[in-house]
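It should be emphasised that the depicted structure is a prediction, and the values quoted were computed from it without experimental measurement. These numbers come from the heavy atoms of this one structure, side chains and all, not from hydrogens, waters or symmetry mates.
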Number of protein chains: 2
Amino acid sequence: MIASIPTKDRILDAAEKLFGTDGFEATSLRDITTAAQVNLAAVNYHFQSKDSLIEAVIARRIEPVNRKRLERLDAIGENPTVEQILTAYLSPLFELDFEAVLPLMGRVHSNPEQFVDRVYRRHLSAVVERFRTVLRRALPDLPDDEMWWRLHFSIGAITHVLCWGRILPAVTDGLCDISDRGALIRRAVQFLAGGFRAAATVHGNT
Amino acid sequence: MIASIPTKDRILDAAEKLFGTDGFEATSLRDITTAAQVNLAAVNYHFQSKDSLIEAVIARRIEPVNRKRLERLDAIGENPTVEQILTAYLSPLFELDFEAVLPLMGRVHSNPEQFVDRVYRRHLSAVVERFRTVLRRALPDLPDDEMWWRLHFSIGAITHVLCWGRILPAVTDGLCDISDRGALIRRAVQFLAGGFRAAATVHGNT
DNA sequence: GTCTATAACGGGATAGAC
DNA sequence: GTCTATCCCGTTATAGAC
């Protein structure tokens with residue numbers, strides 16, 4: 001052991017970084033214990049299995065984010081604007097680290113088959129439901145189905161930034177800057193609010 | 001061999017389905033050859049490795065989509081609306097099968113580290129560049145950096161639908177219907193066009 | 001709690017008969 | 001082109017000493 005950080009936390013730190021960059025299946029316990037500079041068997045001692053480790057890594061990050069989301073939603077009062085609601089949802093996420101933890105969140109959001117039960121149903125669905133209710137008050141003319149679609153479009157837009165964040169500057173000749181988080185949140189909120197406010201036509205089978 | 005479909009195509013069909021639902025790492029060659037009802041060694045005969053198989057599976061679907069995208073972009077004339085441009089980009093994608101091929105496309109779009117070279121740079125960047133140029137003419141007041149961000153928000157929104165498509169009805173009590181593709185395309189285009197048209201404020205370091 | 005050593009297994013890939 | 005059999009490696013997980 002090199003630093004004074006407990007073994008369990010060293011494993012969590014290394015795992016979340018590697019899971020984020022390489023994916024859950026592609027990351028072996030050996031990769032994790034090597035990066036964390038702990039013994040291989042420590043993973044199965046502190047966590048019971050790789051699967052439990054994955055759950056622990058995710059829960060450690062999602063729970064504080066969701067707590068802040070609900071706090072900020074409560075803080076903006078009874079009749080917030082769409083922009084305020086979206087900011088309450090997004091800002092706790094984008095305060096996290098783009099190198100280590102945001103890629104992990106991206107993985108979680110883009111693997112429904114793997115995580116819909118252990119993440120969406122357990123950690124996310126109640127929060128989404130709260131925000132959906134508030135958004136419905138802010139956009140009373142939007143039909144329920146359209147609201148759901150737009151929520152998913154929005155979550156997808158954000159998920160993509162989580163997944164691609166670190167390499168966005170490279171594929172856009174430096175035009176996409178991820179260092180200014182306040183600006184990034186405002187950009188996202190403006191775009192998504194524009195989408196939520198777009199006219200919703202009735203869709204038939206044409 | 002049960003049907004008359006050539007072995008090579010049987011492998012591609014089974015692989016794209018399994019890659020889409022389970023992911024690339026989680027799908028073994030044994031899974032694929034069992035589903036395709038072909039011999040294990042056939043994969044290494046027709047393709048050289050699992051990695052080459054992955055590339056072949058992706059290229060088979062992406063290339064026709066991109067050809068149609070450019071055809072439809074050409075077909076809408078010199079000064080198309082934002083809605084027309086977005087429809088030209090999205091419609092060839094959403095004509096594909098939500099059970100087999102769209103989940104695969106979702107995987108590809110949400111794994112930048114794995115696919116930025118073999119997919120984005122090879123198959124996608126030229127097409128995105130064409131659409132970015134046309135969009136810039138349709139939205140002359142939008143700064144270049146904002147354009148890039150909004151393109152990525154849009155691609156993310158769509159990617160999310162590709163990844164989550166099959167289970168969206170389940171998590172929304174049936175409100176999200178993916179069977180009517182025309183309606184889905186129109187919904188997405190309306191949302192994204194609203195986002196692209198949103199006012200873009202200048203972002204400082206506040 | 002932490003280590004070494006190893007079990008038990010499944011993975012990709014290939015040799016060689018047909 | 002297609003098959004069987006097998007090699008060789010990396011994986012998760014655990015047993016047992018310290």
Side-chain angles (χ1 to χ4, degrees), chain A residues 1-60 104 107-108 111 113-115 117-119, chain B residues 1-60 104 107-108 111 113-115 117-119:
Chain A
M1 174 121 50
I2 282 182
S4 61
I5 302 169
T7 298
K8 196 167 177 177
D9 294 320
R10 301 168 66 82
I11 294 171
L12 286 170
D13 291 342
E16 89 174 346
K17 189 158 190 170
L18 289 166
F19 286 154
T21 54
D22 301 335
F24 296 99
E25 281 88 2
T27 302
S28 70
L29 296 183
R30 283 175 171 82
D31 295 334
I32 294 167
T33 52
T34 302
Q37 293 185 278
V38 300
N39 188 274
L40 174 61
V43 171
N44 280 317
Y45 176 78
H46 288 285
F47 310 88
Q48 288 68 33
S49 62
K50 182 181 180 179
D51 222 52
S52 304
L53 172 62
I54 292 175
E55 300 216 8
V57 166
I58 295 168
R60 180 173 74 141
L104 171 86
R107 297 261 172 207
V108 170
N111 281 278
E113 289 79 10
Q114 198 173 3
F115 295 115
D117 286 321
R118 68 169 70 168
V119 176
Chain B
M1 174 120 54
I2 282 181
S4 61
I5 303 169
T7 298
K8 197 168 177 176
D9 294 320
R10 299 168 66 81
I11 294 171
L12 287 170
D13 291 342
E16 88 174 349
K17 189 158 190 169
L18 288 167
F19 286 154
T21 53
D22 300 336
F24 296 98
E25 282 87 3
T27 302
S28 70
L29 297 183
R30 286 171 172 84
D31 293 335
I32 294 168
T33 54
T34 302
Q37 293 185 279
V38 301
N39 188 273
L40 172 61
V43 171
N44 280 318
Y45 176 79
H46 288 285
F47 310 88
Q48 287 68 34
S49 62
K50 182 181 181 181
D51 221 53
S52 305
L53 172 62
I54 292 175
E55 301 216 8
V57 166
I58 295 168
R60 180 174 74 141
L104 172 86
R107 297 260 171 207
V108 170
N111 281 278
E113 289 79 12
Q114 198 173 3
F115 295 114
D117 287 320
R118 68 170 68 169
V119 176

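- We find that NE2 of B:His46 is positioned 12 Å from C1' of D:dC3, with the value rounded to whole Å.
- With rounding to whole Å, B:Asp31 atom CG is found 16 Å from C:dA13 atom C1'.
- B:Ser28 has a side-chain polar atom (N or O) that falls below the 4.0 Å cut-off from OP1 or OP2 of C:dG11.
- Protein atom CD1 of B:Ile32 is 14 Å distant from nucleotide atom C1' of C:dA13, rounded to whole Å.
- In the set C:dT14, C:dG12, C:dT2, C:dT2 carries the atom at the smallest distance from any side-chain atom of A:Tyr45.
- Taking 4.5 Å as the limit, some side-chain heavy atom of B:Leu53 sits within range of a side-chain heavy atom of B:Leu12.
- Comparing C:dC3, D:dA13, D:dC3 by their closest approach to the side chain of A:Ala41 singles out C:dC3.
- In this structure, B:Arg30 places its CZ atom 16 Å from P of D:dT11, rounding to the nearest Å.
- In this entry the distance linking CZ of A:Phe47 with C1' of D:dA13 reads 16 Å, nearest Å.
- A salt bridge does not link A:Glu113 to A:Arg118: none of the charged nitrogens lies less than 4.0 Å from a carboxylate oxygen.
- Comparing D:dA13, D:dT2, C:dT14 by their closest approach to the side chain of A:Leu29 singles out D:dA13.
- Following rounding to the nearest Å, A:Lys50 (NZ) and D:dT14 (P) show an atom-to-atom distance of 15 Å.
- In summary, A:Asp13 and A:Arg60 engage in a salt bridge, as defined by a charged side-chain N under 4.0 Å from a carboxylate O.
- Here D:dC3 is the nucleotide among D:dT14, D:dC3, C:dA13 with the atom lying nearest to any side-chain atom of B:Asn39.
- Side-chain nitrogen and oxygen atoms of B:Thr7 include none within less than 4.0 Å of the OP1 or OP2 phosphate oxygen of D:dG1.
- Among the protein residues, A:Thr27 comes within range of the sugar-phosphate backbone only, with heavy atoms under 4.0 Å from sugar or phosphate atoms but none that close to a base.
- A cation-pi contact, defined as under 6.0 Å to the ring centre and within 45° of the axis, links A:Lys8 to A:Phe47.
- One can place CG of A:Leu40 at 12 Å from C1' of C:dT2, the figure rounded to the nearest angstrom.
- For the pair B:Phe24 CZ and C:dG11 C1', the computed distance is 18 Å after rounding to whole Å.
- Judged by the 6.0 Å distance and 45° axis criteria, A:Lys50 is not positioned over the aromatic ring of A:Phe24.
- Contact between the side-chain N/O atoms of B:Ser49 and the OP1/OP2 oxygens of C:dG12 is not found at any separation under 4.0 Å.
- Here the side chain of B:Asn44 is nearest to one of D:dT2, D:dA13, C:dA13, namely C:dA13.
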